[in-house]
J.: 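Following this message is one structure expressed as structure tokens.
Chain naming here is simple, since letters A, B, ... match the order of the sequence lines and numbering starts at 1 in each. Here the structure is a predicted model, which is why all the values come from computation and not from measurement.
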Amino acid sequence: MATTSVQATLAAATRDGLLRTPIPFRGGGFAPSSNALLAVAGLGSFLVLWELAFAMRWVNPVLLPGPIEVAQALWHLLITGELEKHLSASLYRIGIGWALGAVGGVALGLAIGLSTAARSIGIPGVSALFPIPKIAIMPILILWLGIGEASKVATIGLGVFFPMAVATFGAIDNVPRNLVRMAQSFNVPFAQVVRKVLLPGALPGILSGFRISASIALLLVVAAEMIGADRGIGAFVMQAGNLMQTDQLLAGVAVLSMLGLLIGIGLSRLERALLAWR
Amino acid sequence: MRLVVEGVWHAFGATAVLEDISLTVDASEVVVVIGPSGCGKSTLLSIVGGLLQPVAGTVAIEGAPPKESLNPITFVFQDFALLPWRSVRDNVAFALEHHALSRAERDRLVHDALARTGLSDFAGALPKQLSGGMRQRVGIARALAVSPAVCLMDEPLSALDAQTREILLEDFRLIWERERVATVYITHNLDEALRLADRVVVLSRRPGRIKDVIAVPIPRPERTSEAAAPELARLHNRLWRLIRDEAIAADRELALH
């Protein structure tokens with residue numbers, strides 16, 4: 001009965017020419033998604049434009065070779081084994097430097113997260129040394145350790161050490177204290193609280209520290225190789241520049257881009273595997 | 001065996017939080033502590049459970065706790081305090097792993113605790129896959145697994161919605177009928193207090209003092225019956241009269257701070 005009368009009133013209201021304003025939709029936007037087709041199209045048009053600029057001689061071809069030239073140079077590097085020679089030297093330095101810096105940084109970060117003494121001394125120390133561009137201390141590292149591998153590895157290690165320490169103690173501080181109290185309320189011993197509560201709880205923060213420090217390591221290996229090395233992607237890019245071999249140079253840059261991309265993908269996989277609980 | 005709290009005082013800096021709290025909890029007794037927000041209820045529980053050192057006073061267990069008790073004083077937390085990277089089963093096992101138990105013995109204790117809280121089907125689930133009520137059941141299972149002599153429950157239902165709360169209240173009652181664990185239960189909810197308590201301890205606003213202790217003389221299983229309603233309503237009014245002015249004053253104090 002009630003429904004019918006409401007409908008009747010409504011019908012009457014419309015019939016009598018009463019104002020009927022639809023509520024306009026205003027909730028759109030602010031929710032961008034990604035479209036694979038657009039992504040391919042964007043990258044494709046960039047390459048086409050680049051090749052066009054080269055083919056039509058809009059720019060000096062010595063200064064900017066076309067994408068096809070660069071791809072050819074890259075292919076040549078691959079089949080002659082040049083790429084492997086330089087890449088393996090760079091990867092070796094990144095691997096050792098990053099591993100040393102990361103282990104040390106996580107250890108210091110953990111100490112800062114657990115002990116008053118380490119926190120009191122460590123935080124001002126890290127704050128003072130973190131902002132120094134590590135490439136600026138490479139000359140003194142060369143004087144101390146020689147021009148060989150050690151000074152390059154040490155530069156990368158130092159560059160990785162500080163951000164890892166900061167990421168780790170921040171991550172430890174962010175583990176909810178109620179989980180620690182819970183563990184204490186069950187009389188869980190200190191070392192097990194660290195191993196079973198603090199470290200797994202800090203893992204997301206430590207892994208994002210990995211991401212930042214990996215890109216720092218990539219930056220530093222190239223810079224270090226430009227200063228004094230005959231092997232390594234950085235040295236190769238530098239030599240190519242000195243010889244005006246811009247196609248070689250850009251091929252080296254492309255390798256660095258792919259290396260960065262691969263490291264990022266690897267870390268994303270690691271995060272997905274280790275942090276499935278989030 | 002009984003829990004004895006004697007002359008506990010506490011302060012955070014210059015702010016007095018608890019004043020001269022003394023109470024005893026007998027074996028298999030449920031004592032509910034109520035009081036306005038900020039009155040130091042949770043602080044008191046932390047002190048009782050040895051997670052906070054009081055400025056003065058002592059907390060002790062008189063007599064030996066049962067032999068099978070692995071963790072005589074055990075907490076159930078308001079926010080559940082589950083390790084999000086561990087499954088339900090492993091969260092319960094967490095309370096046992098550092099004890100000298102064989103693998104089989106530990107598995108049996110975990111299995112029992114899950115069965116007693118109706119969680120057997122969820123043993124492999126992660127906390128994020130569970131509702132709030134199920135998460136708190138994991139908290140209870142973890143506590144039961146160590147056979148506590150005294151269970152300390154810090155507003156265990158206040159993070160849950162009203163219906164889930166009602167369901168868990170019934171579960172708590174059944175668990176108590178079976179396990180008979182002495183319990184100190186903190187809440188600000190008068191109905192919860194009257195459903196569960198043998199005695200209700202009423203704290204004043206900060207600094208918390210014991211204002212009154214009220215016994216609830218109705219057997220727990222009968223408290224949802226209609227026959228008990230008038231008596232419970234009378235007790236409810238009595239508690240509310242004790243708390244009302246304190247709660248209003250506490251509210252105003254919080255606003256001014």
Side-chain angles (χ1 to χ4, degrees), chain A residues 102 106 109-110 113-117 119-120 164 167-211 266-278, chain B residues 42-43 45-53 69-88 90-100 109 113 124-130 135 138-139 141-148 150-156 159:
Chain A
V106 169
L110 189 59
L114 291 175
S115 117
T116 303
R119 176 170 293 250
S120 313
M164 277 319 296
T168 304
F169 85 71
I172 296 277
D173 285 357
N174 274 333
V175 177
R177 289 301 111 164
N178 67 326
L179 294 182
V180 174
R181 280 164 54 85
M182 181 276 291
Q184 289 176 318
S185 81
F186 284 100
N187 284 327
V188 176
F190 178 84
Q192 293 194 36
V193 176
V194 174
R195 186 161 57 82
K196 294 178 183 173
V197 179
L198 286 179
L199 281 177
L203 197 58
I206 294 174
L207 286 181
S208 56
F210 280 6
R211 202 174 276 281
L267 284 170
S268 296
R269 291 238 169 121
L270 196 65
E271 279 181 353
R272 266 205 300 281
L274 294 178
L275 305 180
W277 50 269
R278 285 207 297 189
Chain B
S42 293
T43 307
L45 205 67
S46 293
I47 290 170
V48 171
L51 292 178
L52 193 66
Q53 269 189 318
S69 182
L70 292 170
N71 192 49
I73 299 203
T74 299
F75 276 88
V76 172
F77 295 91
Q78 177 179 3
D79 52 13
F80 325 130
L82 303 180
L83 300 174
W85 50 88
R86 283 182 173 231
S87 67
V88 166
D90 292 345
N91 262 290
V92 176
F94 179 78
L96 301 167
E97 285 165 0
H98 57 288
H99 290 286
L109 289 173
L126 285 170
K128 69 167 180 185
Q129 298 169 300
L130 301 177
R135 285 182 211 180
V138 182
R142 181 175 60 194
L144 292 178
V146 293
S147 311
V150 181
C151 193
L152 305 178
M153 306 183 84
D154 185 7
E155 303 203 27

J.: Contact part of A:A276 toward chain B, heavy-atom cut-off under 4.5 Å: side chain, backbone, both or neither?
T.: backbone

J.: Provide the closest heavy-atom pair for B:A113 versus B:A141 in the form atom of the first, atom of the second, distance.
T.: CB-O, 3.4 Å

J.: Under the side-chain contact (heavy atoms from CB on, under 4.5 Å) criterion, do A:L198 and A:L114 qualify, and how do the steps go?
T.: CA-CA 10 Å; A:L198 286 179; A:L114 291 175; 3.4 Å; yes

J.: Closest heavy-atom contact between B:V76 and B:G139?
T.: CG2-O, 4.1 Å

J.: Pick one of side chain, backbone, both or neither for B:I73, based on which atoms fall under 4.5 Å of a heavy atom in chain A.
T.: backbone

J.: Who are the salt bridge (Lys or Arg N to Asp or Glu O under 4.0 Å) partners of A:R119, not counting sequence neighbours?
T.: A:D173

J.: Using a cut-off of under 4.5 Å for heavy-atom pairs, which of A:P189, A:P176, A:P200 has the most such pairs with chain B?
T.: A:P200

J.: Applying side-chain contact (heavy atoms from CB on, under 4.5 Å), run through B:L109 and B:L70 and close with a yes or a no.
T.: CA-CA 11 Å; B:L109 289 173; B:L70 292 170; 4.1 Å; yes

J.: Quick check - list every chain A-chain B donor-acceptor pair under 3.5 angstrom, one line each.
T.:
unit_1: A:N178; atom_1: ND2; unit_2: B:D79; atom_2: OD1; d: 3.1
unit_1: A:N178; atom_1: ND2; unit_2: B:D79; atom_2: OD2; d: 2.7
unit_1: A:R181; atom_1: NH2; unit_2: B:S46; atom_2: OG; d: 2.9
unit_1: A:S185; atom_1: O; unit_2: B:N71; atom_2: ND2; d: 3.0
unit_1: A:F186; atom_1: O; unit_2: B:H98; atom_2: NE2; d: 2.7
unit_1: A:N187; atom_1: O; unit_2: B:H98; atom_2: NE2; d: 3.4
unit_1: A:N187; atom_1: ND2; unit_2: B:N71; atom_2: OD1; d: 3.3
unit_1: A:K196; atom_1: NZ; unit_2: B:E97; atom_2: OE1; d: 2.7
unit_1: A:A276; atom_1: O; unit_2: B:K128; atom_2: NZ; d: 2.9
unit_1: A:R278; atom_1: O; unit_2: B:K128; atom_2: NZ; d: 3.0

J.: Quick one: CG on B:L52 to CG on B:L45, what's the gap to the nearest 0.5 Å?
T.: 11.0 Å

J.: What residue, out of B:L83, B:L152, B:V146, B:L126, has the most heavy-atom pairs lying under 4.5 Å from chain A?
T.: B:L83

J.: CG/B:L82 to CG/A:L179 distance, rounded to the nearest 0.5 angstrom?
T.: 8.5 Å

J.: Distance from A:L110 atom CG to A:I172 atom CD1, nearest 0.5 Å?
T.: 5.0 Å

